[in-house]
Number of protein chains: 2
Amino acid sequence: MTVRVFLVDDHELFLSGVRGELADRDRFDVAGWATDVDDAVAAIRRLVPDIVLVDVHMPGGGGLSVIRNVTETHPDIRFLALSVSDAPEDVIAMIRAGARGYVTKTIAGDELADALARTADGDAVFSPRLAGFVLDAFAGTLPQPDDPELDQLTPREREVLRQIARGHTYKQVARRLSISVKTVETHVSAVLRKLQLSSRHELARWATDRRIV
Amino acid sequence: MTVRVFLVDDHELFLSGVRGELADRDRFDVAGWATDVDDAVAAIRRLVPDIVLVDVHMPGGGGLSVIRNVTETHPDIRFLALSVSDAPEDVIAMIRAGARGYVTKTIAGDELADALARTADGDAVFSPRLAGFVLDAFAGTLPQPDDPELDQLTPREREVLRQIARGHTYKQVARRLSISVKTVETHVSAVLRKLQLSSRHELARWATDRRIV
DNA sequence: GGTCGGATCAGGGTGATCCCCGGTTGTCGG
DNA sequence: CCGACAACCGGGGATCACCCTGATCCGACC
């Protein structure tokens with residue numbers, strides 16, 4: 001089964017280079033290409049390719065705009081980001097926008113074809129140096145899922161903690177739990193003391209850091 | 001350059017299968033193996049391999065424990081998770097713990113060798129069906145990176161907003177920005193009004209939700 | 001029966017938060 | 001020049017957050 005590829009890059013020469021490279025391979029069928037964001041979005045919506053190879057840095061919003069616009073209407077189309085930049089911000093931004101992979105332009109033709117094929121199959125492809133960034137950033141979203149400190153808290157205190165972390169006032173928590181404001185204060189004080197914190201703001205940060213909300 | 005591999009799996013048979021598979025390949029040197037968590041952690045710390053192939057489901061905490069314990073003392077050692085399970089929870093948990101890749105046990109010997117080599121090189125390797133989970137989960141950590149509401153705020157208000165979101169009191173913000181507490185109050189009031197919020201706690205939540213901190 | 005912890009509530013106090021009103025300065029464009 | 005706006009500062013007051021002491025009730029445990 002051939003993979004229908006769409007190319008987006010503001011460099012004509014690079015574009016034709018990729019076209020030439022893919023033309024020799026039976027696996028790929030270059031459905032179309034574009035050199036700016038608006039043309040790309042329109043053409044992709046019309047042609048509905050299997051995968052889009054998109055440059056990151058382009059006038060008019062860059063590859064980010066292309067991915068966001070297209071995925072709104074066609075969430076099934078896959079994106080492989082291609083860039084001269086190996087800056088972590090760029091990589092993270094593209095992945096968060098929905099790109100299924102990210103390779104740098106130093107890549108060889110064979111490798112690019114391999115990356116496209118793998119991405120089309122549902123695999124995730126990153127240039128070696130980039131894979132670390134993505135996984136580090138992802139791992140960083142949850143530092144420690146275990147928490148011996150939470151064991152110090154009674155069930156009721158944990159319940160109050162959750163409510164406070166959500167930003168509710170003492171009064172609101174009291175109503176939700178059908179207890180008095182004074183009881184809420186007692187519980188919050190106990191939690192703050194046990195966790196060595198000093199304010200409900202620190203408490204909220206503490207809770208969101210370990211995803212208790 | 002050979003890659004020194006350590007194997008962790010509670011199934012002896014599977015373990016010897018992998019050893020046999022890798023023994024034929026010059027690229028790999030199986031530095032050691034273990035069938036439970038404690039032995040694995042001790043041996044890995046002693047041998048310091050380049051990469052650890054670790055089973056996800058094992059008595060004694062599973063691969064998660066191995067990764068967590070080892071990375072505390074040896075953050076440079078890479079991990080490739082290997083499992084019969086393709087459940088999103090397992091995949092996400094392992095990646096968050098620090099695994100550089102995740103493949104299922106349906107994988108062929110050649111593919112496993114390829115995955116190990118790629119992971120050792122710094123690449124990220126996932127079984128095709130799994131890559132989607134990881135990237136979806138990662139993309140899900142940031143729902144809307146655009147924020148039309150932020151445009152309503154003046155630069156100074158945004159600055160104050162960041163400080164408040166970090167949990168600082170008005171007094172602290174005033175000192176940091178070298179302005180009076182009253183001015184901070186004014187800015188905060190403006191921000192709350194413009195963003196249709198009613199307390200600094202909601203504001204903190206609002207800010208952390210869209211990663212402004 | 002006594003003791004202990006968990007959960008509930010109250011009074012009283014200090015500081016922080018938030019809103020209302022007011023004001024000054026400076027900049028920018030009509 | 002004048003209006004609009006951003007940034008700055010103040011008084012006063014209502015409410016909220018946090019801490020302290022002290023209290024009652026209940027169930028578990030020795």
Side-chain angles (χ1 to χ4, degrees), chain A residues 144-213, chain B residues 144-213:
Chain A
Q144 59 258 41
D146 55 335
D147 26 48
E149 315 208 53
L150 248 188
D151 295 347
Q152 307 173 6
L153 304 183
T154 68
R156 197 55 162 177
E157 285 167 352
R158 278 194 281 267
E159 178 64 31
V160 173
L161 160 61
R162 269 203 302 280
Q163 299 289 328
I164 292 297
R166 281 178 197 165
H168 299 306
T169 67
Y170 288 4
K171 195 182 292 181
Q172 289 171 324
V173 176
R175 256 199 299 273
R176 281 163 177 263
L177 301 183
S178 301
I179 56 181
S180 87
V181 174
K182 279 299 179 181
T183 307
V184 177
E185 290 184 21
T186 305
H187 289 316
V188 172
S189 287
V191 171
L192 291 178
R193 183 169 29 79
K194 288 180 180 177
L195 299 182
Q196 307 265 309
L197 301 174
S198 58
S199 75
R200 62 166 295 158
H201 318 307
E202 294 179 20
L203 185 60
R205 280 187 60 80
W206 185 91
T208 51
D209 279 352
R210 44 214 84 191
R211 304 287 186 282
I212 295 179
V213 285
Chain B
Q144 59 260 44
D146 54 335
D147 26 45
E149 313 210 53
L150 252 188
D151 296 347
Q152 307 173 9
L153 305 183
T154 69
R156 199 55 162 177
E157 285 167 354
R158 278 192 282 268
E159 179 62 31
V160 173
L161 161 60
R162 268 202 304 280
Q163 298 289 329
I164 293 297
R166 280 177 197 166
H168 299 307
T169 67
Y170 288 3
K171 198 180 290 182
Q172 289 171 323
V173 175
R175 259 200 296 274
R176 281 163 176 265
L177 301 183
S178 301
I179 57 181
S180 87
V181 175
K182 276 298 179 178
T183 306
V184 177
E185 290 184 20
T186 305
H187 289 316
V188 171
S189 286
V191 171
L192 291 179
R193 184 171 27 81
K194 288 180 179 176
L195 299 182
Q196 308 266 312
L197 301 173
S198 57
S199 76
R200 63 162 294 156
H201 318 307
E202 293 180 19
L203 185 59
R205 273 191 63 77
W206 186 91
T208 50
D209 280 351
R210 45 213 82 190
R211 306 287 190 278
I212 294 179
V213 283

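Values in this document were obtained by computation on a predicted structure and should not be read as measured data. Naming convention: chains lettered A, B, ... in sequence-line order (proteins, then strands); numbering from 1 in each chain.
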The side-chain contact (heavy atoms from CB on, under 4.5 Å) partners of A/Ser189 (sequence neighbours excluded) come to none
Could you write nucleotides 15-23 of chain C as a row of B, S and -, 5' to 3', where a protein heavy atom under 4.0 Å of any base atom gives B, of only sugar-phosphate atoms gives S, and otherwise -?
-SSBB----
Check salt bridge (charged side-chain N to carboxylate O under 4.0 Å, His left out) between B/Lys182 and all other residues, then give those that pass, not counting sequence neighbours.
B/Glu185
Quick one: list whatever passes side-chain contact (heavy atoms from CB on, under 4.5 Å) with B/Leu192, sequence neighbours left out.
B/Val188, B/Leu197, B/Leu203
Going by the rule side chain to side chain donor-acceptor pair (under 3.5 Å), which residues pair with B/Thr183 if we only count those two or more places apart in sequence or in a different chain?
B/Ser180
Listed by chain and number, what are the side-chain contact (heavy atoms from CB on, under 4.5 Å) partners of A/Arg176, not counting sequence neighbours?
A/Gln163, A/His168
Under 3.5 Å donor-acceptor, B/Arg200 side chain and B/Ile164 backbone:
yes
Does C/dC9 have OP1 or OP2 sitting under 4.0 Å from an N or O in the side chain of A/Thr183?
yes
May I ask you to decide if A/His187's main-chain N or O and A/Arg156's side chain share a donor-acceptor pair within less than 3.5 Å?
no
Closest contact, heavy atoms only, A/Ala190 versus A/Glu157:
CB-OE2, 3.3 Å
Who pairs with B/Ser198 by side-chain contact (heavy atoms from CB on, under 4.5 Å), at least two apart in sequence or on another chain?
B/Glu202
Not counting sequence neighbours, which residues clear ring-ring contact (aromatic ring centres under 6.0 Å, His included) with A/His201? List them please.
B/His201
Counting any heavy atom closer than 4.0 Å, what does A/Thr154 reach on the DNA or RNA strands: base, sugar-phosphate only, or nothing?
sugar-phosphate
For the pair made of CD1 in B/Ile179 and C1' in C/dT24, what is the distance, rounded to whole Å?
16 Å
Through what angle, rounded to 10 degrees, does the axis of the helix from C/dG1-D/dC30 to C/dC28-D/dG3 turn between its ends, using five pairs per end?
30°
Mind checking which nucleotides bracket the chain A contacts on DNA chain D, 5' to 3', with an atom under 4.0 Å from a heavy atom?
D/dC16 to D/dC19
